[in-house]
Every structure is written in structure tokens, then in C-alpha cells.
Student: 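My questions all concern the structure below.
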Protein chains: 2
Amino acid sequence: MVIVKTTASPPLVRISAVPFRLGRAGLSVAVHPGQPDEQRLLAGAPGPDEWLDSAARRIVRERIGWDEQYLEQLYTFGHATDGNASVTVSYLALVRDQDRHDQESPGIAWVAVHDVTLPSDVDRQVLEYALIRLRAKLGYTNIAFHLLPPRFTLSELQLAYQAVLGHPVDKRNFRRRMIASGILDQLDEKRRDGSHRPAALYRFASRDDHAAYLTPPWAAEHAENASELLTSRSDRA
Amino acid sequence: MVIVKTTASPPLVRISAVPFRLGRAGLSVAVHPGQPDEQRLLAGAPGPDEWLDSAARRIVRERIGWDEQYLEQLYTFGHATDGNASVTVSYLALVRDQDRHDQESPGIAWVAVHDVTLPSDVDRQVLEYALIRLRAKLGYTNIAFHLLPPRFTLSELQLAYQAVLGHPVDKRNFRRRMIASGILDQLDEKRRDGSHRPAALYRFASRDDHAAYLTPPWAAEHAENASELLTSRSDRA
DNA sequence: TCAAAAGTGTTCCTTCTACACCCATGT
DNA sequence: ACATGGGTGTAGAAGGAACACTTTTGA
């Protein structure tokens with residue numbers, strides 16, 4: 001079969017992903033480095049028989065060399081690339097900091113969020129929105145857990161929140177809320193770390209993951225919560 | 001330019017829109033009626049030089065015969081149509097109930113949300129998610145205003161909320177919150193309606209519209225709010 | 001004078017915020 | 001004994017929920 005391309009072709013579908021990682025330097029993003037100080041986000045096209053999510057997952061895995069912990073679709077941008085229409089479906093990915101820093105992936109740099117320089121307008125919008133979404137979801141989901149190792153201390157958890165939000169949070173209030181939320185299991189073990197009191201270790205309590213909350217195709221399970229805003233208990237009779 | 005098409009072609013971009021309207025029968029949705037009791041959502045393809053939003057706007061306008069009040073991208077679904085990959089970018093649209101019911105558009109039916117029957121899986125997901133999003137946004141944006149005429153009473157506003165949420169809300173609390181929110185201007189005029197006390201008329205106070213809150217490309221303006229979850233005042237020093 | 005919708009306050013309770021000191025350990 | 005990070009409680013403020021009667025009008 002042959003298609004004659006006229007001046008304008010139908011829009012091409014492109015996938016763009018923003019993998020975040022939490023390391024010593026705080027929150028950083030995987031980019032392809034280019035000209036000095038110019039980077040671009042990970043992108044690719046879905047194969048003809050590939051769902052969007054699996055294409056995004058594959059792109060992240062291929063480029064950074066290991067699996068993401070969490071993947072969420074963000075937004076779809078329509079724009080022109082070289083005079084052709086295209087459509088960019090953007091994704092947020094979270095990966096755990098790997099100790100195997102030996103096998104740093106070629107063509108990939110992890111850059112602190114505030115140092116990322118993106119020449120492309122769409123890339124900048126994608127990154128900006130990814131950060132907004134990540135920060136917002138910290139407040140009402142357990143999304144932060146995908147940035148941490150399976151066992152962690154409350155201080156580590158707090159540092160993760162602070163790194164993402166970009167500002168300090170109150171220790172006592174933070175701990176109270178986290179424990180009250182019920183998503184943490186305290187382990188019997190403690191971690192002896194330096195010349196100070198050892199810290200209790202925690203893990204995430206539930207396998208059911210609230211992070212995707214309010215995003216299809218899983219949104220329905222949580223719909224009640226969403227519609228309970230602006231209602232009172234007696235109203236739901 | 002010539003492209004040789006192999007067995008599978010690249011994904012096609014499709015746009016799907018869910019226009020909501022608030023009428024006597026409560027919240028209803030514009031669909032194309034088909035086989036008895038089978039409907040489908042409004043859909044179309046973006047022109048080669050058309051942005052996604054304008055394509056969605058055009059599709060809504062063409063089909064229902066008047067402009068939408070509010071348009072918001074929801075989610076992008078990847079799926080197969082007739083064995084070919086395609087990508088559906090879904091949109092939520094809100095329209096004001098028009099008095100010009102004379103010019104009901106051909107090929108369109110407005111069906112109460114709970115009576116919509118969609119044979120397509122993707123269509124069902126789109127509608128479900130549109131409702132979830134609309135309900136959620138009632139709680140923290142002024143999105144409801146796009147379903148109402150420019151001047152309205154507090155009772156009408158409350159009925160709109162109830163129709164969307166699907167349950168009653170407390171009158172006194174509702175009024176207090178609405179007035180406290182500051183998005184309402186009370187007009188000097190009142191509406192005499194039946195054999196009872198006349199109701200004060202209101203309109204929306206601000207031209208700046210919080211409904212798109214947390215959705216690109218406007219999300220940035222509201223980013224501070226988003227990241228203020230889980231923080232205390234003193235933390236932001 | 002009655003019916004029908006408009007309008008209006010208070011109490012209780014839960015949640016949020018601010019804030020400072022003692023504890024366990026290693027050197 | 002001291003330095004380091006781990007761990008804890010409380011009081012005040014603000015916000016959310018429940019709840020019932022009076023007012024104004026037209027018929």
C-alpha cells in the first residue's frame with residue numbers, strides 16, 4: 001500500500017517522558033544532553049501495535065536502563081514540528097535511586113530539576129507540568145514512596161517530600177500525619193547509622209496504590225472520594 | 001513524498017468530546033444516537049494544521065450547533081480500532097442550556113447522564129472520567145458557572161451543584177461557602193418568580209477563571225497552591 | 001391566611017498550625 | 001561529655017458539619 005503525502009500529513013503521535021529520581025543532589029530528571037547546556041526530554045514514538053503506556057514504559061526502560069517504579073500520563077500537547085502537526089503524549093515516571101551507578105546509561109544525564117535547560121517549548125511545558133503534578137500528588141497520595149527504597153526512615157521520607165516540594169516541612173506535624181494516614185507499617189528493625197539514636201524503619205502498608213487516584217483507567221475506584229468534596233455527611237443519605 | 005505502508009500503520013489521532021448541559025432533566029450529555037438505546041460520543045479527527053483544543057472546540061460547535069462555554073482536555077487513550085492502533089484525546093465540554101431549543105441539532109441527542117448507553121469501551125471510560133473530573137472540580141474551582149446563565153440565584157447554583165454531584169447539599173453551608181469564596185457578585189436586582197419571596201441575583205465576580213487550575217497550559221499560574229498542600233505557614237520562610 | 005421558596009446563626013467537633021525539649025547512640 | 005540526628009505533646013485557630021425557624025411574596 002502506498003500513501004501519497006500532500007503538503008500536510010496527519011498528526012504524528014510522539015511520547016515524551018519525564019523520569020524523576022531522588023539522589024544526593026535532590027530531585028533530578030533524566031534528559032538527553034545536547035549542545036552545551038541544552039537538553040531534551042526522553043521521547044519516542046509508539047510502535048504500531050503498542051499501547052501508549054507500554055510505549056512510555058519501554059522508552060524509559062530503554063534509555064535509563066532500568067524499570068520505572070511509577071508511570072502516569074500527564075497531558076497531550078498538540079504542536080508543530082518542522083511544519084508538521086504532531087501530538088505529544090507526556091508521561092511522568094518515578095524511579096528509585098539505584099546503587100548500580102556503575103551502569104550509568106549512555107546518552108542520559110540526570111540533572112537537578114532547577115538546572116535543566118530545555119530549548120523546546122513543549123519540553124519545558126511538559127517538565128513544568130510534571131513537577132506541578134508530582135508536587136500536588138504528594139499531598140493526597142502515596143506517590144512519594146516510589147522514589148524511596150522499600151525500607152526507609154521517617155527522616156528519609158521527610159527529606160523526599162522536602163526535595164520534591166522545594167521547602168522544609170515541620171517534623172512533628174509531618175510524622176503525625178504520615179502515621180495517622182495508615183499507609184506506613186513500622187518494622188521491628190531499626191537502622192543504626194551514625195553516632196546518634198537509631199531510626200525506626202518503615203515500609204508502605206498497602207499494595208493498593210492510591211497514586212493513580214483521579215487518573216484513568218483507575219479513577220473509578222476512587223470516584224466517591226472525588227465527589228465527596230463539598231458535601232456533608234448527612235447529605236449522602 | 002511517498003510512504004510505503006507495511007501491515008500496521010502508525011496510530012491515528014482521534015478526538016472525543018463529552019458536552020454536558022444542565023436542563024430540566026438534570027445533567028445531560030450530547031451523544032449521537034445509533035441503534036436503539038445505543039449511542040456514541042462525539043468524535044472526529046483534528047485537521048492537519050489544527051491544534052487539539054481547537055479541533056475539539058470545532059467538533060463540539062459543529063455538532064451541537066453552538067459554542068461551548070468551557071473546554072478541558074481529560075486524558076488520552078491508546079486503543080485499537082478495526083485492528084489499527086489509534087489514540088483518542090478526550091475532552092470535557094460544558095455548554096449553557098440554550099433557550100433556542102428550536103434549533104436542536106440533527107444527529108444529536110441530549111441524554112440524561114444515567115441513561116447514556118455506550119457500546120464502545122473507550123467511550124464509556126471517557127464519559128466516566130469526564131464525570132469524575134467534573135465532580136471533583138466542583139469542589140475547588142468555579143467550573144459550575146459555565147453551566148449556568150450569566151445571572152442566577154443561589155438556589156439555582158445549588159441545584160446545579162446537586163445535579164452534577166447527584167446528591168443534596170446543605171443550604172446554609174452551601175451559601176456561606178459560596179459567598180465566602182468571593183467569586184460571586186451580588187446584583188442589585190432581584191428575581192420575582194412565584195408566590196414567594198424574591199431571590200437575589202448573582203453573577204460571577206472575576207474574569208480570571210480558576211477552572212483550568214492544574215491543567216496545562218495554564219497550570220503554572222496556580223502552581224503555588226498545588227504545592228502548598230502538606231505544608232505549614234512557617235515552613236515557607 | 002396559606003403555600004412556597006428565600007434567607008439567616010450557632011454549637012460542636014475535627015483538623016491544622018506553631019512551637020522546644022529529651023533520647024539514644026558513637027566517638 | 002559532647003555532638004548528632006531520632007523522637008515526642010499541647011494549646012490555640014480555623015474550618016467543616018449539623019441543624020430549624022422567620023421572612024417575603026402571590027394567590
Side-chain angles (χ1 to χ4, degrees), chain A residues 24 138-140 148 151-163 165 167-203 224-237, chain B residues 24 136 138-140 148 151-163 165 167-203 225-237:
Chain A
R24 308 224 142 244
L138 275 190
Y140 60 96
L148 288 174
R151 292 139 37 93
F152 51 87
T153 67
L154 285 180
S155 295
E156 288 170 337
L157 184 58
Q158 183 180 346
L159 286 171
Y161 271 75
Q162 293 179 161
L165 292 175
H167 61 74
V169 301
D170 181 88
K171 181 161 68 162
R172 280 174 291 188
N173 292 336
F174 179 79
R175 288 169 179 238
R176 191 180 322 106
R177 267 185 298 237
M178 282 299 148
I179 287 163
S181 77
I183 47 177
L184 295 182
D185 276 349
Q186 180 168 359
L187 305 179
D188 290 334
E189 213 171 337
K190 290 189 185 284
R191 176 185 296 164
R192 278 156 300 279
D193 210 12
S195 62
H196 52 80
R197 183 171 176 174
L201 286 173
Y202 293 81
R203 67 168 176 216
E224 302 147 36
N225 301 334
S227 60
E228 278 172 12
L229 302 165
L230 228 155
T231 69
S232 49
R233 221 165 291 145
S234 67
D235 295 334
R236 290 174 227 133
Chain B
R24 308 225 142 245
L138 275 191
Y140 59 97
L148 289 174
R151 291 139 38 93
F152 52 88
T153 68
L154 285 180
S155 295
E156 287 169 338
L157 184 58
Q158 183 180 345
L159 286 171
Y161 271 74
Q162 294 179 161
L165 293 175
H167 61 74
V169 300
D170 181 87
K171 180 159 69 159
R172 282 173 290 189
N173 292 337
F174 178 79
R175 288 171 178 236
R176 190 179 322 106
R177 267 186 297 237
M178 283 298 148
I179 288 164
S181 76
I183 47 178
L184 295 181
D185 276 350
Q186 180 168 0
L187 306 178
D188 289 334
E189 213 171 337
K190 290 188 186 285
R191 176 185 297 164
R192 276 155 304 279
D193 208 12
S195 64
H196 53 79
R197 183 169 174 176
L201 285 173
Y202 292 82
R203 67 170 176 212
N225 300 336
S227 62
E228 277 172 15
L229 302 164
L230 226 153
T231 71
S232 50
R233 223 166 288 144
S234 68
D235 295 335
R236 291 174 225 132

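In what follows, chains carry the letters A, B, and so on, assigned in the order in which the sequence lines appear, proteins first and then strands, with residues in each chain numbered from 1.
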Student: Tell me, please, which residues at least two apart from Ser181(A) pass side chain to side chain contact (heavy atoms under 4.5 Å, CB included).
Tutor: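 Result, side chain to side chain contact (heavy atoms under 4.5 Å, CB included) vs Ser181(A): Ile183(A).
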Student: Work out which heavy atom in Phe174(A) is nearest to a heavy atom in Leu154(A); give both atom names and the distance.
Tutor: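 Distance-wise, the nearest heavy atoms are CE2-O, 3.9 Å.
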Student: For Asp193(A), give me all partners under salt bridge (Lys or Arg N to Asp or Glu O under 4.0 Å), at least two apart in sequence or on another chain.
Tutor: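 With sequence neighbours excluded, Asp193(A) shows a salt bridge (Lys or Arg N to Asp or Glu O under 4.0 Å) to no residue whatsoever.
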Student: Can you check the Ile179(B) CD1 to dA6(C) P distance for me, whole Å?
Tutor: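 About 13 Å, once rounded to whole Å.
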Student: Phe152(B): which residues meet the ring pair (Phe, Tyr, Trp, His ring centres under 6.0 Å) condition with it, sequence neighbours left out?
Tutor: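 So Phe152(B) forms a ring pair (Phe, Tyr, Trp, His ring centres under 6.0 Å) with Phe204(B).
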Student: Confirm from the modelled atom types if Arg172(A) and dA20(C) form a donor-acceptor pair under 3.5 Å, side chain to base only.
Tutor: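 Between dA20(C) and Arg172(A), which were checked side chain against base, a qualifying N/O pair under 3.5 Å is present.
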Student: Under the rule for side chain to side chain donor-acceptor pair (under 3.5 Å), what residues qualify as partners of Arg192(A), not counting sequence neighbours?
Tutor: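 Arg192(A) satisfies side chain to side chain donor-acceptor pair (under 3.5 Å) with no other residue.
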Student: Rounded to the nearest angstrom, tell me the gap between atom CD in Gln186(A) and atom P in dG6(D).
Tutor: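 Atom-to-atom, Gln186(A) to dG6(D), this comes out as 14 Å.
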Student: Who are the side chain to side chain contact (heavy atoms under 4.5 Å, CB included) partners of Arg197(A), not counting sequence neighbours?
Tutor: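 In terms of side chain to side chain contact (heavy atoms under 4.5 Å, CB included), with neighbours along the sequence ignored, Arg197(A) is linked to no residue.
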Student: Let me know the distance between NZ of Lys171(B) and C1' of dC21(D), rounded to the nearest Å.
Tutor: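 Result: 11 Å.
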Student: Please write out the pairs of protein N or O atoms and N or O atoms of nucleotides 10-13 of chain C separated by less than 3.5 Å, giving the distance to one decimal.
Tutor:
residue: dT10(C); atom: O4; partner: Arg176(B); partner atom: NH2; Å: 3.3

Student: Using salt bridge (Lys or Arg N to Asp or Glu O under 4.0 Å) as the criterion, list what pairs up with Arg203(A), not counting sequence neighbours.
Tutor: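 Expected list: Asp185(A).
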Student: Please report the distance, rounded to the nearest Å, between CE in Met178(A) and C1' in dT8(D).
Tutor: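 Answer to the nearest Å: 18 Å.
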Student: Of all residues at least two apart in sequence or in a different chain, which pass the side chain to side chain contact (heavy atoms under 4.5 Å, CB included) check with Ala163(A)?
Tutor: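 Ala163(A) satisfies side chain to side chain contact (heavy atoms under 4.5 Å, CB included) with Leu22(A) once adjacent residues are dropped.
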Student: What residues from residues 194-201 of chain B pass a heavy-atom cutoff of under 4.0 Å to DNA chain C?
Tutor: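 The stretch gives Ser195(B), His196(B), Arg197(B), Pro198(B), Ala199(B), Ala200(B) as the residues lying under 4.0 Å from the strand, ordered by number.
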Student: In whole angstroms, how far is the C1' atom of dA24(C) from the CZ atom of Arg191(A)?
Tutor: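 It is 17 Å, rounded to the nearest whole Å.
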Student: Separation of Lys190(B) atom NZ from dT25(D) atom P, in whole Å?
Tutor: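 It works out to 9 Å between those atoms.
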Student: Within the pair Arg175(B) and dT8(C), is there a side-chain N or O less than 4.0 Å away from OP1 or OP2?
Tutor: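 Indeed not, no polar side-chain atom of Arg175(B) lies that close.
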Student: Identify, residue by residue, the members of residues 152-160 of chain B with a heavy atom below 4.0 Å from DNA chain D, and return them in order of residue number, or none.
Tutor: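 Result for residues 152-160 of chain B: none.
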Student: Applying side chain to side chain contact (heavy atoms under 4.5 Å, CB included), can you list everything that pairs with Leu159(A), at least two apart in sequence or on another chain?
Tutor: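 Gln162(A).
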Student: Tell me whether the side-chain N or O atoms of Arg177(A) pair up with the base of dC16(C) as donor and acceptor below 3.5 Å, since no angle test is needed here.
Tutor: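 It does not, because no donor-acceptor pair links the side chain of Arg177(A) to the base of dC16(C) below 3.5 Å.
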Student: If every non-hydrogen atom of Asp170(A) is compared with every non-hydrogen atom of Gln158(A), which pair is closest and at what distance?
Tutor: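 The pair with the smallest heavy-atom distance is C-NE2, 4.3 Å.
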Student: Rounded to the nearest Å, what distance is computed from the CG atom of residue Asp170(B) to the P atom of nucleotide dA20(D)?
Tutor: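 In whole Å, dA20(D) P and Asp170(B) CG are 11 Å from each other.
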Student: Who are the salt bridge (Lys or Arg N to Asp or Glu O under 4.0 Å) partners of Arg191(B), not counting sequence neighbours?
Tutor: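 If we apply the salt bridge (Lys or Arg N to Asp or Glu O under 4.0 Å) test to Arg191(B), skipping adjacent residues, the hits are Glu156(B).
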